[in-house]
Amino acid sequence: MQRFDEGPATVPVRLGDRSYDVEVADGGWDRLPGRLRAALDRSWAGRGCRKALILTDDHVAALPYPGLVRDALETLGIETVQTVVPHGEASKGLATAASLYDRLVALAADRHTLVAAVGGGVIGDLGGFVAATFARGLPLFMVPTTLLAQVDSSVGGKVGVNLPKVKNLVGAFHQPIAVWVDVATLNDLPDRELRCGLAEVVKYGVILDAPFFETLEDDVDAILAKRPASLRRIVARSCELKATVVSEDEREETGLRAMLNFGHTIGHAVEATAGYGGAFQHGEAVAVGMVAESRLAERLGWVDAAFTNRLVRLLERFGLPTSLRGLAPRPLLESMGRDKKNKGGRIRLVLPRRLGSVELTDAAGVDDLRALLEDLCRPDAP
Ligand code: NAD
Ligand code: GLY
């Protein structure tokens, strides 16, 4: 953490010949052309890049960032076209992807054409999916502008779109050539979106880094006040932690990357049950999911109540929900039964052992989960 205190940070994601850097700065766009040139020059596709499609949404299009990316690309002699899609999850589908393929055809795109995704996780996932699939793979440059995208979705190469009834079911692993984070983008971000990203930041502390969790406890006010040094620190450390996991288990095969799903099994069920875009946004659902999963770990004797209460306090200070009160337990349990981590008919969850350490386990049976959810969903539950 100390080393992220001064100025911009470069976080490497080590994946052999697909390695790349995540640059985390506050402004500093004059450095972008040089960084981008170096990133492009690392691959055959990038070296021949003459054209780029800049993808953004209508909210972000009104901000300076797509224009700053265009200027950097044009400084490098790369011709750009910009495509703006409506904001929101509805754009992350096959119909929008098809319209982007048409746009690339009209641009006479070839395998050197860069896709620059400037926006939140929707734009990153959609632009990444199009980059992964058009002409069997185009170079991808990520400029995440929400906290969630900066600490999670822009790093690690998971890209994809939603089907009408199932989120994120169609996708690929396609690593970007570079990720450029300007924490000043967060100044425009609505508070609720910032809080959603903070749930993922807290998650990294719980699963991998107890000292990081403690610095979050010390720094709540500065983070909520969007102090650039604090934002840079939490983004850089979160990316570093995610990069370590992704470098060791890029394709989620060994169980290591699955740890990033702490809070997400119950969280996804909450999100799906409450309806996407409804009462719980993703980060809010993850926050209540982390608390519920920690309560489950208590029942297994893995952590004590003080552990969960400490997590609750931090999430509440960040303005995040922590209770399942009033939700219906049955649909939650049914939804968890469809989780991608399940194996051999057993529900698998990531549960905490202690601060900074979690384990993927099927130690809790359906009866344990039913009893937990019935308890936590009671109208008088805390
Ligand atoms: P989002 O992209 O919908 O952005 C949220 C809102 O913020 C949108 O209205 C957007 O227009 C607006 N916005 C973006 N940047 C802004 C800025 N700087 N100032 C003001 N407004 C801004 O949502 P998100 O929360 O960033 O991402 C959610 C998506 O990410 C989901 O589709 C989820 O599935 C995906 N995701 C992917 C991964 C992964 O590993 N690929 C991980 C986590 C989440
Ligand atoms: N967001 C979880 C992952 O990237 O694996």
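Numbers here are sequence positions counted from 1. Just so you know, ligand 1 is whichever comes first in the structure, and atom 1 is the first atom listed for that ligand.
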Residues S294, T308; criterion side chain to side chain donor-acceptor pair (under 3.5 Å); working and verdict: CA-CA 6 Å; S294 185; T308 314; 2.8 Å; yes
Partners meeting side chain to side chain donor-acceptor pair (under 3.5 Å) with D221 (sequence neighbours left out): none
Residue pairs passing the salt bridge (charged side-chain N to carboxylate O under 4.0 Å, His left out) test where at least one lies in residues 118-146, sequence neighbours excluded: K92-D125
Pairs of nitrogen or oxygen atoms, one from ligand 1 and one from the protein, closer than 3.5 Å: please tabulate them with distances.
{"from": "ligand 1", "atom 1": "2 (O)", "to": "G121", "atom 2": "N", "distance (Å)": "3.1"}
{"from": "ligand 1", "atom 1": "2 (O)", "to": "V122", "atom 2": "N", "distance (Å)": "3.0"}
{"from": "ligand 1", "atom 1": "9 (O)", "to": "H59", "atom 2": "ND1", "distance (Å)": "3.0"}
{"from": "ligand 1", "atom 1": "11 (O)", "to": "D57", "atom 2": "OD1", "distance (Å)": "3.2"}
{"from": "ligand 1", "atom 1": "11 (O)", "to": "D57", "atom 2": "OD2", "distance (Å)": "2.6"}
{"from": "ligand 1", "atom 1": "11 (O)", "to": "H59", "atom 2": "ND1", "distance (Å)": "2.9"}
{"from": "ligand 1", "atom 1": "15 (N)", "to": "T145", "atom 2": "O", "distance (Å)": "3.3"}
{"from": "ligand 1", "atom 1": "15 (N)", "to": "T145", "atom 2": "OG1", "distance (Å)": "2.7"}
{"from": "ligand 1", "atom 1": "18 (N)", "to": "T145", "atom 2": "O", "distance (Å)": "3.0"}
{"from": "ligand 1", "atom 1": "18 (N)", "to": "T185", "atom 2": "O", "distance (Å)": "2.9"}
{"from": "ligand 1", "atom 1": "19 (N)", "to": "D188", "atom 2": "O", "distance (Å)": "3.4"}
{"from": "ligand 1", "atom 1": "26 (O)", "to": "G121", "atom 2": "N", "distance (Å)": "2.7"}
{"from": "ligand 1", "atom 1": "26 (O)", "to": "T146", "atom 2": "OG1", "distance (Å)": "2.6"}
{"from": "ligand 1", "atom 1": "27 (O)", "to": "G121", "atom 2": "N", "distance (Å)": "3.2"}
{"from": "ligand 1", "atom 1": "32 (O)", "to": "E89", "atom 2": "OE1", "distance (Å)": "2.9"}
{"from": "ligand 1", "atom 1": "32 (O)", "to": "E89", "atom 2": "OE2", "distance (Å)": "2.9"}
{"from": "ligand 1", "atom 1": "32 (O)", "to": "K92", "atom 2": "NZ", "distance (Å)": "2.8"}
{"from": "ligand 1", "atom 1": "34 (O)", "to": "K92", "atom 2": "NZ", "distance (Å)": "3.0"}
{"from": "ligand 1", "atom 1": "34 (O)", "to": "N168", "atom 2": "ND2", "distance (Å)": "3.2"}
{"from": "ligand 1", "atom 1": "41 (N)", "to": "D125", "atom 2": "OD1", "distance (Å)": "3.0"}
{"from": "ligand 1", "atom 1": "41 (N)", "to": "K158", "atom 2": "O", "distance (Å)": "2.8"}

Numbering as shown, the atoms of ligand 2 that approach L260 to under 4.0 Å (heavy-atom distance): 3 (C), 5 (O)
Ligand 2 contact on D152 by region, counting heavy-atom pairs under 4.0 Å: side chain
Heavy atom of the protein closest to atom 5 (O) of ligand 2 (residue, atom name, distance): R257 NE, 2.7 Å
Step-by-step salt bridge (Lys or Arg N to Asp or Glu O under 4.0 Å) determination, D219 to R233: CA-CA 10 Å; D219 220 17; R233 264 200 303 274; 3.2 Å; yes
Enumerated ligand 2 atoms positioned under 4.0 Å from heavy atoms of K158: 3 (C), 4 (O), 5 (O)
Ionic contact status for R237 with D209, cut-off 4.0 Å: yes
Nearest heavy atoms of S323 and P382, plus distance in Å: OG-O, 2.9 Å
Test: E217 and R313 ion pair at under 4.0 Å: no
Min heavy-atom dist K242 to ligand 2 below 4.0 Å: yes
All pairs passing ring pair (Phe, Tyr, Trp, His ring centres under 6.0 Å) where residues 31-50 contributes a residue, at least two apart: W44-H112
